[in-house]
Amino acid sequence: MVATTVNTYVNFLATTNGRDKVYRFVQYFGRFLTWYLLRQGSSKDGVLAVDKLKGHLGLARRLLRLGKPIEMAQGIVNSYSIRDTILRICSLGKFGANGLYFVYDMLCWIDNVGIHKFKNIKKYNDHSNRYWLYAIAFSWLGGLYRLRQLYLE
């Protein structure tokens with residue numbers, strides 16, 4: 001039983017998505033812990049340490065996503081084979097917006113770690129967030145359309 005659980009955990013962490021999910025959990029738990037420590041009146045050193053951990057995990061998660069634009073380009077190519085026009089448009093929009101989100105996110109990461117400083121980094125961050133929202137909207141619309149199709153069947 002324990003060996004199976006450990007094997008499952010190791011296999012999960014062997015994937016990039018698995019590591020990203022663990023990092024995201026620790027990062028979001030760090031946000032909660034920062035809020036909780038501030039509310040309880042803890043020392044600023046303890047709050048700062050948790051806040052730094054949260055920030056570094058955010059940068060690490062961005063590093064794990066560096067190859068995602070290529071994955072999104074592959075998704076765009078695969079979307080052309082979808083027969084239903086609405087689903088094809090939603091899929092193209094989702095993968096296109098996600099690809100642009102990851103490109104701008106990569107530029108923000110490059111600026112954050114100091115590889116290259118961009119003059120318009122605030123604008124790049126705004127573009128990144130906007131494309132992230134577009135990707136969610138296209139995904140949501142495609143999901144609603146699929147639900148409607150299932151309901152009609």
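Numbers here simply count residues along the sequence, with the first being 1. The structure displayed is predicted, hence computed values, not measured ones.
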**Student:** Which pair of heavy atoms, one from Y134 and one from A97, lies closest together, and at what distance?
**Tutor:**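 Distance-wise, the nearest heavy atoms are CB-CB, 3.8 Å.
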**Student:** Should L92 and L100 be regarded as members of a common hydrophobic cluster, given that ILVMFWY residues are connected when their side-chain heavy atoms come within less than 4.5 Å of each other, either directly or indirectly?
**Tutor:**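 Cluster IDs for L92 and L100 match.
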**Student:** Check for me, please, whether L59 and L107 land in the same ILVMFWY cluster - side-chain distances under 4.5 Å, paths through other members count.
**Tutor:**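 Yes, L59 connects to L107 through the hydrophobic network.
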**Student:** Please, which pairs that meet side-chain hydrogen bond (donor to acceptor under 3.5 Å, both in side chains) have at least one residue in residues 22-36, sequence neighbours excluded?
**Tutor:**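 Counting only pairs at least two positions apart or across chains, the side-chain hydrogen bond (donor to acceptor under 3.5 Å, both in side chains) contacts touching residues 22-36 are D20-R24, Q27-R61.
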**Student:** Report yes if the side chains of R62 and N112 come closer than 4.5 Å at any heavy-atom pair, otherwise no.
**Tutor:**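 When only atoms from C-beta onward are counted, N112 and R62 do touch, with a gap below 4.5 Å.
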**Student:** Once rounded to the nearest 0.5 Å, what's the spacing between atom CD1 of I136 and atom CG of N98?
**Tutor:**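 That separation rounds to 8.5 Å.
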**Student:** What is the minimum heavy-atom distance between G30 and V50, and which atoms define it?
**Tutor:**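 Heavy atoms of G30 and V50 come nearest at O-CG1, 3.4 Å.
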**Student:** Taking atom CG of N120 and atom NZ of K122, what is their separation to the nearest 0.5 Å?
**Tutor:**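 Between N120 CG and K122 NZ, I get 11.5 Å after rounding to 0.5 Å.
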**Student:** Is the backbone N or O of L87 less than 3.5 Å from a side-chain atom of D84, with the two atoms forming a donor-acceptor pair by type?
**Tutor:**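 Pair found, side chain donor or acceptor close to backbone of L87.
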**Student:** For residues V77 and I70: do they belong to one hydrophobic cluster (side chain heavy atoms under 4.5 Å, members Ile, Leu, Val, Met, Phe, Trp, Tyr)?
**Tutor:**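 Different clusters: V77 never reaches I70 through Ile, Leu, Val, Met, Phe, Trp or Tyr contacts under 4.5 Å.
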**Student:** Around atom CH2 of W132, are there more than 12 heavy atoms of other residues, nucleotides or ligands at under 6.0 Å?
**Tutor:**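 Incorrect, the count does not exceed 12.
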**Student:** Return the SG to CG distance between C90 and L144, rounded to the nearest 0.5 Å.
**Tutor:**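 Going from SG on C90 over to CG on L144, the span is 9.0 Å.
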**Student:** Just do the side chain to side chain contact (heavy atoms under 4.5 Å, CB included) check on L147 and Y151 with the steps written out, would you?
**Tutor:** CA-CA 6 Å; L147 281 174; Y151 177 77; over 6 Å; no
**Student:** Grouping I, L, V, M, F, W and Y whenever their side-chain heavy atoms are under 4.5 Å apart, do F102 and L133 come out in a common cluster?
**Tutor:**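 No, it is not one cluster - the side chains of F102 and L133 are not joined through contacts under 4.5 Å.
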**Student:** Say you draw a straight line from SG of C108 to CG of D111; how long is it, rounded to the nearest 0.5 Å?
**Tutor:**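 Nearest 0.5 Å value for the SG-CG distance: 7.0 Å.
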**Student:** Quick check: closest heavy atoms across Y101 and R65, and the distance to 0.1 Å?
**Tutor:**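 For Y101 and R65, the tightest heavy-atom pair comes out as OH-NH2, 3.7 Å.
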**Student:** Less than 4.5 Å apart, any side-chain heavy atom of I110 and any of F118?
**Tutor:**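 SC-SC contact between I110 and F118 confirmed.
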**Student:** Rounded to the nearest 0.5 Å, how far does NZ of K123 lie from CZ of R130?
**Tutor:**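 R130 atom CZ to K123 atom NZ measures 10.0 Å (nearest 0.5 Å).
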**Student:** About how many Å separate NE2 of H56 and CG of D51, when rounded to the nearest 0.5 Å?
**Tutor:**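 D51 atom CG to H56 atom NE2 measures 10.0 Å (nearest 0.5 Å).
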**Student:** At their closest point, which heavy atom of S79 faces which heavy atom of F95, and how far apart are they?
**Tutor:**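 Smallest interatomic distance, heavy atoms only, reads OG-CD1, 3.5 Å.
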**Student:** Hydrophobic cluster membership, with links at side-chain heavy-atom distances under 4.5 Å among I/L/V/M/F/W/Y: are L57 and F32 in one?
**Tutor:**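 The answer is no; the residues belong to distinct hydrophobic clusters.
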**Student:** Dump the intermediate steps for side chain to side chain contact (heavy atoms under 4.5 Å, CB included) on I121 and N125, then the final yes or no.
**Tutor:** CA-CA 6 Å; I121 195 63; N125 195 42; 5.6 Å; no
**Student:** Would you check if the side chain of S139 reaches a backbone N or O of A135 as a donor-acceptor pair within less than 3.5 Å?
**Tutor:**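 No; judged by distance alone, with no hydrogens or angles, the pair does not exist.
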**Student:** Could you check whether atom NZ of K117 has more than 12 heavy atoms from other residues, nucleotides or ligands sitting under 6.0 Å from it?
**Tutor:**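 Yes, the 6.0 Å shell around NZ holds more than 12 heavy atoms from other groups.
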**Student:** For the residue pair Y104 and Y124, categorise the inter-ring angle as parallel (less than 30°), tilted (30 to 60°) or perpendicular (more than 60°).
**Tutor:**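 Plane angle between 30° and 60°, so tilted.
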**Student:** Determine, stepwise, if the pair I115 / W109 fulfils side chain to side chain contact (heavy atoms under 4.5 Å, CB included).
**Tutor:** CA-CA 9 Å; I115 294 171; W109 177 81; 3.9 Å; yes
